[in-house]
Amino acid sequence: MVVSYTQEHVYRHPWHRVTAAAWRKFTDPAAREAPLSHILDVETLSRDVDPRAGRLHAVRVIAGRPPPLPFLVRGLVASAGAGDLVLCVERTSVDAAARAMRVVYRNATFRRLVDVEEVCSYAPHPDRPDDWTVFTQETRIRCAPLAAVSAAVAEMVERRCAESFVQNAAKGMEVVERICEGLADGEK
């Protein structure tokens with residue numbers, strides 16, 4: 001079974017400000033203290049800039065703490081070789097000329113148990129392209145078909161992961177909004 005959801009949020013800030021804030025979301029010291037305290041570290045693995053085309057491609061790895069797991073699942077996680085650290089790979093493409101940013105996240109740990117893909121996009125709002133930005137998030141969570149996992153347990157893991165992702169997405173949007181406000185104050 002696959003659990004998926006899509007959500008959309010409108011930032012009342014221009015695209016350049018929102019995307020700058022999104023880049024800073026995981027490295028912002030204030031975010032690390034409260035809303036995104038589960039994030040431990042972010043490292044850039046590669047970055048390719050094409051100044052003529054106005055395009056940027058980057059790959060980062062994000063280390064964090066895993067969400068609390070139900071008792072029944074803890075043993076499966078341990079047997080799947082996962083520990084107290086979650087690693088995700090973030091692949092970002094920015095097309096400045098088109099004012100488009102796409103970020104794809106995939107988990108690198110827990111893959112034998114749960115496969116998660118999150119695709120986020122940032123684009124100018126169709127009605128107010130110079131003032132607002134549309135953020136779209138699509139997440140797909142699939143529990144790997146392990147013989148030791150019954151369908152009911154797999155569904156419970158997928159549901160629990162989806163709940164955690166929805167909560168963390170709200171925290172992430174809160175952080176981006178706060179960073180945007182700070183950037184707007186700096187532009188005055």
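Sequential numbering from 1 along the given sequence is applied to the chain's residues. Note that these values count all heavy atoms, side chains included, but never hydrogens, waters or copies made by symmetry.
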inquiry  = Before you tell me yes or no, could you show the steps for R24 and V176 under side chain to side chain contact (heavy atoms under 4.5 Å, CB included), namely the whole-Å CA-CA distance, both residues' side-chain angles and the distance that decides it to 0.1 Å?
reply    = CA-CA 8 Å; R24 298 173 186 179; V176 169; over 6 Å; no
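Taken together through direct or relayed side-chain contacts under 4.5 Å among Ile, Leu, Val, Met, Phe, Trp and Tyr, L40 and L87 form part of one hydrophobic cluster. One hydrophobic cluster, built from ILVMFWY side chains closer than 4.5 Å, holds both I179 and I39. Cluster annotation: V42 is connected to V175 through the hydrophobic network of ILVMFWY side chains, with a link wherever side-chain heavy atoms come within less than 4.5 Å. Taken together through direct or relayed side-chain contacts under 4.5 Å among Ile, Leu, Val, Met, Phe, Trp and Tyr, L45 and V104 form parts of separate hydrophobic clusters. Residues L183 and V94 share a single hydrophobic cluster, defined by chaining ILVMFWY side chains whose heavy atoms lie under 4.5 Å apart.
Pairs passing the salt bridge (Lys or Arg N to Asp or Glu O under 4.0 Å) check and including a residue from residues 6-18, sequence neighbours excluded, read R17-E187.
You'll find the side chain of Y11 reaches within 4.5 Å of the side chain of M173, heavy atoms only. R178 places a side-chain heavy atom less than 4.5 Å from the side chain of D28. Residues R142 and E117 are not in side-chain contact: their nearest non-hydrogen atoms beyond the backbone lie 4.5 Å or more apart. Looking at heavy atoms from C-beta onward, C88 lies out of side-chain contact with E118 at the 4.5 angstrom threshold.
Annotation: R91, atom CZ; neighbour count of heavy atoms from other residues, nucleotides and ligands within 6.0 Å does not exceed 12. Within 6.0 Å of atom CZ in R102, 12 or fewer heavy atoms from other residues, nucleotides or ligands are found, so the atom counts as exposed in its surroundings.
Of all the heavy atoms in V18 and C180, the pair that sits closest is CA-SG, 3.7 Å. Across all non-hydrogen atoms, the minimal contact from A31 to K25 is CB-O, 3.7 Å. The shortest non-hydrogen separation linking V86 to T109 is CA-OG1, 3.3 Å. Residues D130 and P14 come closest through the heavy atom pair O-CB, 3.5 Å. Heavy atoms only, all atoms of each residue included: E43 and D41 are closest at OE2-OD2, 3.3 Å. Across all non-hydrogen atoms, the minimal contact from W15 to A96 is CH2-CA, 4.1 Å.
F26 meets the ring-ring contact (aromatic ring centres under 6.0 Å, His included) test with no other residue; sequence neighbours excluded.
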Cut-off 3.5 Å, no hydrogens considered: what does the side-chain donor-acceptor table look like for residues 52-66, sequence neighbours left out?
from	atom 1	to	atom 2	distance (Å)
R55	NE	D95	OD2	3.2
R55	NH2	D95	OD2	3.3
H57	ND1	S93	OG	3.1
R60	NE	E90	OE1	2.5
R60	NH1	W23	O	3.4
R60	NH2	E90	OE1	3.1
R60	NH2	E90	OE2	3.2
R65	NH1	S37	O	2.5

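Of the inter-residue distances, the one linking Y105 atom OH with T92 atom OG1 reads 6.0 Å to the nearest 0.5 angstrom. The NE2 atom of H9 sits 10.5 Å away from the CD atom of E174 when rounded to the nearest 0.5 Å. Expressed to the nearest 0.5 Å, how far CZ of R140 lies from OH of Y5 amounts to 12.5 Å.
Panel note: side chain T136, backbone S121; no donor-acceptor pair is recorded below 3.5 Å.
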